[in-house]
Structures are given as C-alpha cells and as structure tokens.
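Here is the structure we will look at, set down as structure tokens.
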Amino acid sequence: MQRKTLDTIILFFAIVVISNASIITDSNYTMLLFNAILVVLTKKARLVSPTICILIGCTIAINILTMLAFSTNVELPRIVNFILSPLLFSYLLLMYFGVSFWDKLEKIVYKLTCLSLVLFPLNILFPSLFSSLFDVFKYITSDMYDGYHYWTSLVYVHCADITQSTILFARNSGFMWEPGAFAYVLILMISINLIRNGANLTSKRVIVYIIALITTFSTSGYLALFAILLFTLIGKGRSVFAYIVLSLLVVGAVLLYSNASFLGEEIDGYLVSYDRDYTDYTTDGFNAPKLDRFLFFKYQFEEIFKYPFGYGVYRPTDINSMWDFVGVNGFSDLFFIHGIPMALFVLAFIFKFFKLLNKNRFSIMLVGIFGAVLIMIFSNPFGRSPLIYLMFLTPLVISDKAFKIYEYIRNLHLFVPTRTSSNK
C-alpha cells in the first residue's frame, strides 16, 4: 500500500474518532486496536518518550490518590478507555505524522466542510428523503443516537431537532455528532488558517469555514467567532479597513443579539443561571437531573476547590451519592478530571500550540483565538473528542525547530517531508 493512501486511511479514521457519531467509537477495543496499529506503523527509535511516560504516570497517580482519599473501587477499565486510550491515540497520531499532521487534517476537514455545505441545504429541502436513509446508515451509526431522525454516513451527520412533534433540520452538524461540536472544529480550523495566512480574513478557506459556522446556529460558535474577528482586527492596527470592519462587527453583534431570538434568549438564560440553585434543572430524557453549562460549571468548581488534585475518571456519585447530576462543560471537566495543576498545564500548552503555529511569536490575535477555543471547550464535553489532547500534545511532541523548518519550506511551496518531527 502506498504511503499516501495509508496516511489518508489513518487520517479518515482519526476524523471518525473525532466526530464521535459512528458505531466505531462505541467499542472500547477499537481505540486500543488502532493504537496498536499506530505503534507498529510508527517506526521511531524513541517512540516511548519521557513526555508520554510522565503524562501517563500523572494520570494514574491522580486516579490512585482519588481512590485512596475517598475509599472508592479501582476503575482500571474506565481509566484506560476514557483517558489513557484517547491520550495515546493523540500522541501516536502526532508521532506518526509529525509536523505535517495539522495541515493534513485541515485538508480533509475542509473537503468535508464543503461537502456539508452541499448536503445541508438538500437536507432542509428534502427532509423525508434524508430521514429515509436511516435504514441505510443505521448499521454504522452509534447506538447512543438511536432514533429515526439521526444517522451518520461517516462524512455527514443527519441530525434533527424534534420539538413538540415538529421536526426541524435547521442546523448543520457536518461530520460531527451535533452542530455545536461541528462549530468547535470550524473555530479551530478558522484559527489555524488565520495564523498560517497572516490574519487574512478574506481567504477562501476562512470564508468557507465561516459560512459553515453560520449554518450551525451555535451560540458558542458565534461568540467564539466574534472573539477571533475582534482581536484579529485590533491586531491589524490602524488600517482604515480594520476600523470599518470592527465597527460593522460591533453593530452586527448588537443587532444579532437583539433580533435573533435563539441567541439572545440563550445568552440571557446563561447569564442568570449561575445564580440558580441545583434544584433548578430539567430531566430532558436523562435519568439524572440535567444542569445547563453554567450551573454545571458552578457545581463542578465547588467540588474542585474541595479537592483540587483531580477526581480522575471517578464520577460525582462515586464520591458523594447525594450528587447525581449530568451536564456539559468541557472546561470544568478538564479541571474536575485532571485537577487544577494539570489543567493549568494543559491550557498553557494549548496556548503554546497556537503560538508555535505563529512561529513562536506572540500576537494580540492569539489572545482572541485562545479565548475562542476556551469558549468552545466550555460548551462541549471534554471526553467526547481527542481535540484537546491533540492541541496540548503538539508542542510537547514536535519541536520549535521542526515547525520553523516546516513553515519555511511550506512558504516556499516546496515538497514537505511528511514525517519531519523531533522530540524534545
């Protein structure tokens, strides 16, 4: 098999894992098997680096300390499946592809995004036809999304909002498990392209990603995009174009907040939710009470400050049977699972990742990009996708020098070796 074909297969499988919508991610053994295959394919003398050993050691230590502190049972399968496997998967991907990983990933994401912009309008125009495809794709769709109005073809997800017996196909999920997750990926791709093309907001790829982001109707996605555009334009300095666009951006944001009911109502709801009590929840089909993002953030951080070293894979009910909430907040999940010291370390290296893409230079645009990514992490579940691991591991696996050489060759439009990588 040719190397290019093999790389495409591996990257496509990585996309499937990131999308978290197919039956492939239902089995815990799938990730273990793929990790084993990557170990065989990655022919590097220093495959087992001090970096990954320290991270695995810290992960195991956090869980052991929690077990001892709260007299809980050993949860080795959960530790392997929910933390160690995604961590190793991300590490091995970076070791296999090296410095070219993000470029190769972005090219596939761009094609899938363009495909979604073709299929999504058809999905709206012919909802019955798309729903009828459930019988075709149900065999590869994750069991957790059991329902006639949800399926994945691995390259596109048909996801319907069902409210009061009305089926709405008004949000684009792309290849991800839901629209907000697709917005998360799009914000990341917009950020990478802006850094790589010198903050050019009118480049074709950035425009395509922004159009796709609009079709997700994701509140967090819109807020993240606003942060990126705001800081990018501020970073452009005194150009007349920047001032004009910045003024239009502010006016547009105010009008959108005032007139888009879904956006204004959701933001207003979040602003008041932090002051509510935990008894103010919905069940929304869950067996346990479901908290919104801000209330779940409040609950988790109260528990974090009681025990700041991280609870690992242990659920709140493992520690205190009185608490049995479910909710989505990737930011507080990061601190709850890994503890304050480890979480701060992860966030620092996510910022380092963007700085590395920017030739290790700081810019005001990076502040907006980092803030935008935090908004998306805040709004998405931490453990559902390896994107966080991929971002924070990149500066640990790939050296500054390797990135500089790669960027220099890339800018000359010359051939780029696919495995230019070096460990620190």
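Position 1 is the first residue of the sequence, and the numbers go up from there. Here the structure is a predicted model, which is why all the values come from computation and not from measurement.
A donor-acceptor pair is defined here as one N or O able to donate and one able to accept, closer than 3.5 Å; such a pair exists between the side chain of Thr141 and the backbone of Thr152. In this structure, the side chain of Ser116 engages the main chain of Thr113 through a donor-acceptor pair within 3.5 Å. A donor-acceptor pair under 3.5 Å is absent between the side-chain atoms of Arg171 and the main chain of Pro179, judged by distance alone. Without hydrogens or angle criteria, Asn63 side chain to Val313 main chain gives a donor-acceptor distance under 3.5 Å.
For the atom pair Thr25 OG1 and Asn20 CG, the distance stands at 4.5 Å (nearest 0.5 Å). For the atom pair CD1 of Ile214 and CG of Asn172, the computed distance is 11.5 Å after rounding to the nearest 0.5 Å. Interatomic distance, Met342 CE to Leu347 CG, rounded to the nearest 0.5 Å: 11.0 Å. Atom-to-atom distance recorded for Ile187:CD1 and Ser218:OG is 8.0 Å, nearest 0.5 angstrom. We find the CE-CG distance between Met376 and Leu223 to be 9.0 Å, quoted to the nearest 0.5 Å. Distance check: Ser90 OG to Phe101 CZ gives 7.5 Å after rounding to the nearest 0.5 Å.
Ile350 has its side chain within reach of Ile377: a pair of non-hydrogen atoms, C-beta onward, lies under 4.5 Å apart. Side chains of Leu229 and Leu201 form a contact here, defined as non-hydrogen atoms less than 4.5 Å apart. Using a 4.5 Å heavy-atom threshold, the side chains of Phe351 and Phe362 count as touching. Taking the side chain as every heavy atom from C-beta outward, Glu303 and Phe336 approach each other to under 4.5 Å. Contact annotation: the side chain of Leu186 never approaches that of Leu225 to less than 4.5 Å [non-hydrogen atoms, C-beta and beyond].
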Let me see the working for Asn358 and Ser363 under side chain to side chain contact (heavy atoms under 4.5 Å, CB included), right down to the final yes or no. CA-CA 8 Å; Asn358 199 38; Ser363 72; 3.7 Å; yes
Side chain to side chain contact (heavy atoms under 4.5 Å, CB included) assessment of Phe217 paired with Tyr222: CA-CA 8 Å; Phe217 288 90; Tyr222 289 179; 3.8 Å; yes
What's the verdict on side chain to side chain contact (heavy atoms under 4.5 Å, CB included) for Ile369 and Phe231, showing C-alpha distance, side-chain angles and the deciding distance? CA-CA 8 Å; Ile369 286 173; Phe231 280 84; over 6 Å; no
Between Phe370 and Phe354, does the ring-ring contact (aromatic ring centres under 6.0 Å, His included) criterion hold? Intermediate values first, please. CA-CA 8 Å; Phe370 183 62; Phe354 292 112; 7.3 Å; no
Could you walk me through whether Leu105 and Ile15 pass the side chain to side chain contact (heavy atoms under 4.5 Å, CB included) test, one step at a time? CA-CA 8 Å; Leu105 182 72; Ile15 291 285; 3.5 Å; yes
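Pairing each heavy atom of Met365 with each of Ala199, the nearest pair is SD-CB, 3.6 Å. Contact detail for Ala21 and Val157: the closest heavy-atom pair is CB-CG2, 4.0 Å. Nearest approach of Ile364 to Gly235, heavy atoms of both residues: CG2-CA, 3.0 Å. The two residues Leu194 and Ile228 have their closest heavy-atom pair at CD1-CG2, 3.4 Å. Scanning all heavy atoms of the two residues, the minimum distance from His158 to Ser131 falls at NE2-OG, 3.4 Å. The minimum heavy-atom distance between Ile62 and Gly312, with the atom names listed, is CG2-N, 3.8 Å.
The number of heavy-atom neighbours closer than 6.0 Å to CZ of Phe126, taken from other residues, nucleotides and ligands shown, is 12 or below. Enclosure of atom CZ in Phe309 is not indicated, since only 12 or fewer non-hydrogen atoms of other residues, nucleotides or ligands lie within 6.0 angstrom.
Evaluation of the side chain to side chain contact (heavy atoms under 4.5 Å, CB included) rule for Ser153 yields Phe137, Trp151, Val155, Tyr156 as partners, not counting sequence neighbours. Under the rule for a side chain to side chain contact (heavy atoms under 4.5 Å, CB included), the partners of Leu65 that lie at least two apart in sequence or sit in another chain are Tyr307. With sequence neighbours excluded, the residues that form a salt bridge (Lys or Arg N to Asp or Glu O under 4.0 Å) with Arg205 are Glu106. Here Phe345 pairs with Phe349 under the ring-ring contact (aromatic ring centres under 6.0 Å, His included) rule; sequence neighbours left out. Partners of Phe378 by ring-ring contact (aromatic ring centres under 6.0 Å, His included), not counting sequence neighbours, listed by chain and number: Phe294, Phe297. With sequence neighbours excluded, the residues that form a ring-ring contact (aromatic ring centres under 6.0 Å, His included) with Tyr209 are Tyr110. Residues satisfying the side chain to side chain contact (heavy atoms under 4.5 Å, CB included) test with Tyr139, not counting sequence neighbours, are none. Residues passing the side chain to side chain contact (heavy atoms under 4.5 Å, CB included) test with Ala181, sequence neighbours excluded: Met176, Trp177, Glu178, Asn380.
Within the structure, no pair that satisfies the side-chain hydrogen bond (donor to acceptor under 3.5 Å, both in side chains) test touches residues 365-377, not counting sequence neighbours. Sorted by first then second residue, the salt bridge (charged side-chain N to carboxylate O under 4.0 Å, His left out) pairs that include residues 180-196, not counting sequence neighbours, are Asp103-Arg196, Arg196-Glu407.
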Under 3.5 Å, which donor-acceptor pairs do the side chains of residues 80-87 form with other protein atoms, sequence neighbours left out?
residue : atom : partner : partner atom : Å
Asn81   : ND2  : Pro77   : O            : 3.0
Ser85   : OG   : Val80   : O            : 3.1

Taking only distance into account, with no hydrogens and no angle test, what donor-acceptor pairs under 3.5 Å do side-chain atoms of residues 390-398 form with protein atoms, sequence neighbours excluded?
residue : atom : partner : partner atom : Å
Thr394  : OG1  : Trp102  : NE1          : 3.0
Thr394  : OG1  : Leu390  : O            : 2.6

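Salt bridge annotation for Lys355-Asp400: absent, with no cationic side-chain nitrogen under 4.0 angstrom from a carboxylate oxygen.
With Ile211 as the partner, the side chain to side chain contact (heavy atoms under 4.5 Å, CB included) test is satisfied by one option alone out of Val208, Leu213, Ile207: Ile207.
Under 3.5 Å, the side chains of Tyr184 and Ser379 contain no donor-acceptor pair of N or O atoms.
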